[in-house]
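Below is one structure, written out as structure tokens; the observations come after it.
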Protein chains: 2
Amino acid sequence: MMTQINKHLKKAQKGEDRGCCGIPGIPDSRFLKAVSDSTRLRILAHLVEAKKPQIVSEIAKSFPIDFSVVSRHLAILRNEGILLAEKQGKEVYYSVRYEFLSSIFRGFASAIESCCPPKERENE
Amino acid sequence: MMTQINKHLKKAQKGEDRGCCGIPGIPDSRFLKAVSDSTRLRILAHLVEAKKPQIVSEIAKSFPIDFSVVSRHLAILRNEGILLAEKQGKEVYYSVRYEFLSSIFRGFASAIESCCPPKERENE
DNA sequence: TGTTTATTTGTGTCATCATGCAACTATTAT
DNA sequence: ATAATAGTTGCATGATGACACAAATAAACA
């Protein structure tokens, strides 16, 4: 039996209150901070490449840092709705919430584009 | 006459070397850090909303921090290719590089989706 | 029961970074 | 040339955050 351990989720999860400064689609700072750390970005990439849920100790093997630190990074990504954690016995399986993640970034891109002035002409 | 002051640009600008850990489309950590700071995110949103280039002192009026700090934030965003800086006399006009920004985030979204397993079924 | 394994969490340390203020550079005006 | 304005940069400080290690929690197994 899989037990969801994503109880007290941030508002991020429910899609409400996303946005910064009145422009809908701009993610909040904490979400972006979660993915901006280089180690977390690598962990995320690792899980994306794995294409299947992985347990903490397995993930930790790929990184030259203490497994407790990996656990903390995973928790940060989970709290932002980027990862899903499922407990199965002693182990906790982490997986990527693909649709959620891509929709946030696609929304960001759209938010910026929708404000893009018609005559966009950059350098060179 | 407008003078480009975006000389020593990061590789970010030229579209090369973007990517993390072998998955093309995942932006690097520094780029994400640039947009993950809450003040920088607000500055970016401010410029997006303005829909036209603005000078440093004008931007700084909207933020309760020293204008030198705003200048530093703008430089960080510029160095990552997110903003364009154009000097005109004493003033420096900053504007959003819309296409660049949105393409990065859209690429990120696509990179994640392209790795998305067929049976994507998250918790409700 | 106690023991082992998997993960989380408490705590201290060190590095990074946002901030304010002052000094410096650059451009325009008197 | 001097002064005034716009912006950048040097420097000190305080806050945040990544990290290691140890202790605590949780689950399976002896």
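Within every chain, numbering begins at 1; the chains are lettered A, B, ... in the order of the sequence lines, protein sequences first and strands thereafter.
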- Task: Look only at the side chain of B:Ser110 and the backbone of B:Gly107, and say whether a donor-acceptor pair between them is shorter than 3.5 Å.
- Result: no
- Task: Specify the closest pair of heavy atoms between A:Leu47 and A:Tyr98, including all atoms of both residues, with the distance to one decimal.
- Result: O-OH, 3.9 Å
- Return the value, rounded to whole Å, for the distance between atom CD of B:Glu86 and atom P of D:dG7. 14 Å
- Rounded distance in Å - NZ (B:Lys87) to P (C:dT27): 5 Å
- Between B:Ser29 and A:Ser36, is there a donor-acceptor pair closer than 3.5 Å when you use the side chain of the first and the backbone of the second? yes
- Check whether any side-chain nitrogen or oxygen of A:Ser68 sits under 4.0 Å from OP1 or OP2 of C:dT8, and answer yes or no. no
- Message: Judged by each residue's nearest nucleotide on DNA chain D, which is more toward the 5′ side, A:Arg40 or B:Ile55?
- Response: B:Ile55
- Message: Tell me if a side-chain donor or acceptor on B:Arg40 pairs with a main-chain N or O of B:His73 at a distance below 3.5 Å.
- Response: no
- Message: Please tell me if A:Ser71 has a side-chain N or O lying less than 4.0 Å from either OP1 or OP2 of C:dT8.
- Response: yes
- In whole Å, what is the span from the CD atom of B:Glu80 to the P atom of C:dC17? 12 Å
- Query: Can you tell which of C:dT8, D:dT8, D:dA18 lies closest to the side chain of A:Val92?
  - Reply: C:dT8
- Message: From CG of A:Leu77 over to P of D:dG17, roughly how many Å is that when rounded to an integer?
- Response: 14 Å
- Rounded interatomic separation in angstrom, taking CZ from A:Arg30 and C1' from D:dG17: 15 Å
- B:Tyr94 side-chain N/O to D:dT8 phosphate OP1/OP2 under 4.0 Å: yes
- Residue-phosphate contact under 4.0 Å: B:His73 side-chain N/O, C:dT19 OP1/OP2: yes
- Query: Is there a donor and acceptor pair closer than 3.5 Å between the side chain of B:Arg72 and the base of C:dG20?
  - Reply: yes
- Query: In whole Å, what is the span from the CD atom of A:Gln54 to the C1' atom of C:dT7?
  - Reply: 16 Å
- DNA chain C: 5'-proximal contact among B:Thr39 and A:Val56 (nearest heavy atom): A:Val56
- Map A:Lys90 and A:Asp66 onto DNA chain D by nearest heavy atom, then report which one ends up closer to the 5' terminus. A:Asp66
- Message: Suppose we screen for side chain to side chain donor-acceptor pair (under 3.5 Å). Which residues come up paired with A:Lys52, at least two apart in sequence or across chains?
- Response: none
- Query: Could you state the CD-C1' distance from A:Glu58 to C:dA6, rounded to the nearest angstrom?
  - Reply: 12 Å
- Interatomic distance, B:Arg42 CZ vs C:dT19 P [rounded to whole Å]: 9 Å
